[in-house]
Amino acid sequence: MSIVYLNGEFIPIEEARISVLDRGFLFGDGVYEVIPAYGGHLLRLREHLRRLQNSLDAVRLHNPLSVQQWMDVLQQIIKRNDAVDQSVYLHISRGVAAKRDHAFPAETRPTVFVMSNPLYPMDKNDLMQGVAAITLDDIRWRACNIKATALLANAMLRQQAVDAGAAEAILIRDGYATEGAASNVFIVRNNILITPPNSPSLLPGITRDLVLELAQQQGIACDERAISESELKHADEIWLTSSTREILPVITLDNHPVGKGVSGPIWHCMIDVFQDYKAKLRRGDMRDE
């Protein structure tokens with residue numbers, strides 16, 4: 001039985017309830033985070049909590065817990081659920097207002113919800129098979145750096161990809177790639193690892209930043225700059241990164257092979273480095289919080 005945290009209580013997920021007047025339910029008025037935990041050790045916790053605070057500040061929502069309180073709650077969720085590796089989801093909405101009104105209510109108590117799902121190990125041999133992606137117009141709002149719970153546009157774009165037999169939609173705005181529907185995007189051109197710079201057009205990914213950090217440690221040339229649609233379509237390698245997908249190679253884009261149509265050499269290097277990083281975190285050989 002999965003144990004969740006809801007407004008100060010640890011309870012079975014079947015007992016978790018919120019009001020139909022919760023603004024998260026009515027408006028998607030809230031923010032969230034997804035944090036992987038390997039062997040009970042949360043990946044880049046402080047960076048995730050910093051991004052959470054940035055999102056809360058952007059939507060003018062008070063953080064209901066201190067950093068230490070968040071750490072305590074998240075560790076309790078991990079301990080109360082059995083999987084060795086877990087994906088921890090936390091969600092804060094503006095809470096319940098007396099009536100449905102678009103304007104922010106003067107005083108509400110935020111709704112705080114945390115749950116955990118098993119995060120199953122990703123085998124390199126399976127990952128190296130890669131996935132298909134398609135390009136779609138980025139129809140989302142202009143504040144994608146806020147990790148908001150209102151994800152209908154992302155869900156619609158992902159579903160278009162699924163309907164086309166692809167794993168992800170890579171989004172194009174004004175002729176340039178921004179990110180995936182639920183991932184950050186990297187390309188490799190001439191042995192240089194390139195990803196779009198952080199901006200309101202994309203989410204500042206924690207895994208994205210870690211991949212850049214690890215690549216630089218390996219002596220791989222990295223560049224944070226805009227990627228044109230043409231450059232994307234002529235890339236030697238394309239990767240998707242996220243907390244749950246880690247580093248996923250794209251081998252076909254819009255039904256055309258990426259590079260040689262197989263996972264590329266720089267991806268093979270980086271997936272080994274990333275898995276080694278996870279193994280050290282899982283064993284407790286490093287403190288990543």
Side-chain angles (χ1 to χ4, degrees), residues 4-10 16-37 42-78 86-117 140-155 178-179 181-184 197-210 241-244 288-289:
V4 303
Y5 175 91
L6 180 62
N7 295 333
E9 294 185 283
F10 293 94
R17 302 286 187 275
I18 64 167
S19 168
V20 294
L21 292 178
D22 192 286
R23 287 180 60 90
F25 174 69
L26 294 175
F27 294 103
D29 184 0
V31 301
Y32 75 104
E33 278 290 329
V34 179
I35 311 174
L42 289 152
L43 178 74
R44 301 266 159 141
L45 175 58
R46 292 192 181 277
E47 285 84 348
H48 279 281
L49 292 181
R50 189 176 303 119
R51 184 173 67 179
L52 174 67
Q53 187 63 58
N54 290 341
S55 294
L56 289 167
D57 291 344
V59 301
R60 296 161 57 183
L61 185 53
H62 171 68
N63 194 332
L65 300 179
S66 68
V67 169
Q68 187 59 54
Q69 287 173 321
W70 277 118
M71 293 172 69
D72 292 343
V73 167
L74 296 172
Q75 287 293 348
Q76 281 295 316
I77 282 291
I78 291 170
Q86 300 178 36
S87 174
V88 181
Y89 174 89
L90 64 91
H91 174 122
I92 307 169
S93 80
R94 203 172 301 274
V96 178
K99 65 176 182 176
R100 184 184 183 278
D101 183 13
H102 283 67
F104 295 160
E107 292 185 12
T108 57
R109 177 188 175 190
T111 297
V112 182
F113 172 67
V114 184
M115 68 176 176
S116 172
N117 290 298
R140 304 169 304 161
W141 70 330
R142 301 262 175 191
C144 295
N145 56 315
I146 302 171
K147 200 167 177 67
T149 58
L151 291 171
L152 182 57
N154 299 67
T178 53
E179 58 184 342
S183 58
N184 289 112
N198 285 331
S199 75
S201 295
L202 58 93
L203 184 72
I206 306 303
T207 302
R208 168 198 179 275
D209 292 347
L210 177 56
T241 64
S242 72
S243 292
T244 53
D288 201 40
E289 298 175 6

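The analysis underlying the following values was restricted to heavy atoms, covering all of them including side chains, and did not include hydrogens, waters or symmetry mates.
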So how far is it from [X] [atom1] to [Y] [atom2], rounded to the nearest 0.5 Å?
X	Y	atom1	atom2	result
Leu210	Thr241	CG	OG1	9.5 Å
Met115	Leu6	CE	CG	12.0 Å
Leu52	Ile92	CG	CD1	4.5 Å
Ser201	Arg142	OG	CZ	7.0 Å
Thr149	Phe113	OG1	CZ	12.5 Å
Cys144	Asn198	SG	CG	12.5 Å

Can you give me the closest heavy-atom contact between [X] and [Y], atom names plus distance?
X	Y	value
Gly95	Thr111	CA-OG1, 3.7 Å
Asn184	Leu203	ND2-O, 3.1 Å
Ala16	Val4	CB-CG2, 4.1 Å
Asn145	Ser55	O-OG, 4.4 Å
Arg140	Ala153	CG-CB, 3.8 Å
His62	Pro110	O-CG, 4.1 Å

Check: [X] side chain, [Y] main-chain N or O, donor-acceptor pair, under 3.5 Å:
X	Y	result
Arg23	His102	yes
Arg46	Val67	no
Ser243	Ile35	no
Glu47	Ile206	no

Verify whether one side chain among Asp57 and Gln53 offers a donor that lies under 3.5 Å from an acceptor in the other. yes
Could you walk me through whether Trp141 and Ile146 pass the side chain to side chain contact (heavy atoms under 4.5 Å, CB included) check? CA-CA 10 Å; Trp141 70 330; Ile146 302 171; 4.1 Å; yes
Are the side chains of [Y] and [X] in contact, using a 4.5 Å heavy-atom criterion?
X	Y	value
Ser116	Ile78	no
Leu45	Trp70	no
Leu90	Val73	no
Val88	Tyr5	no
Arg94	Val59	yes

Apply the test side chain to side chain donor-acceptor pair (under 3.5 Å) to residues Asp72 and Gln68: give CA-CA distance (whole Å), side-chain angles for both, the deciding distance (0.1 Å), then the verdict. CA-CA 6 Å; Asp72 292 343; Gln68 187 59 54; 2.9 Å; yes
Only one of Lys147, His91, His48 passes side chain to side chain donor-acceptor pair (under 3.5 Å) with Glu33, and that residue is His48
Atom CZ of residue position Phe27 - does it have more than 12 heavy atoms of other residues, nucleotides or ligands inside 6.0 Å? yes
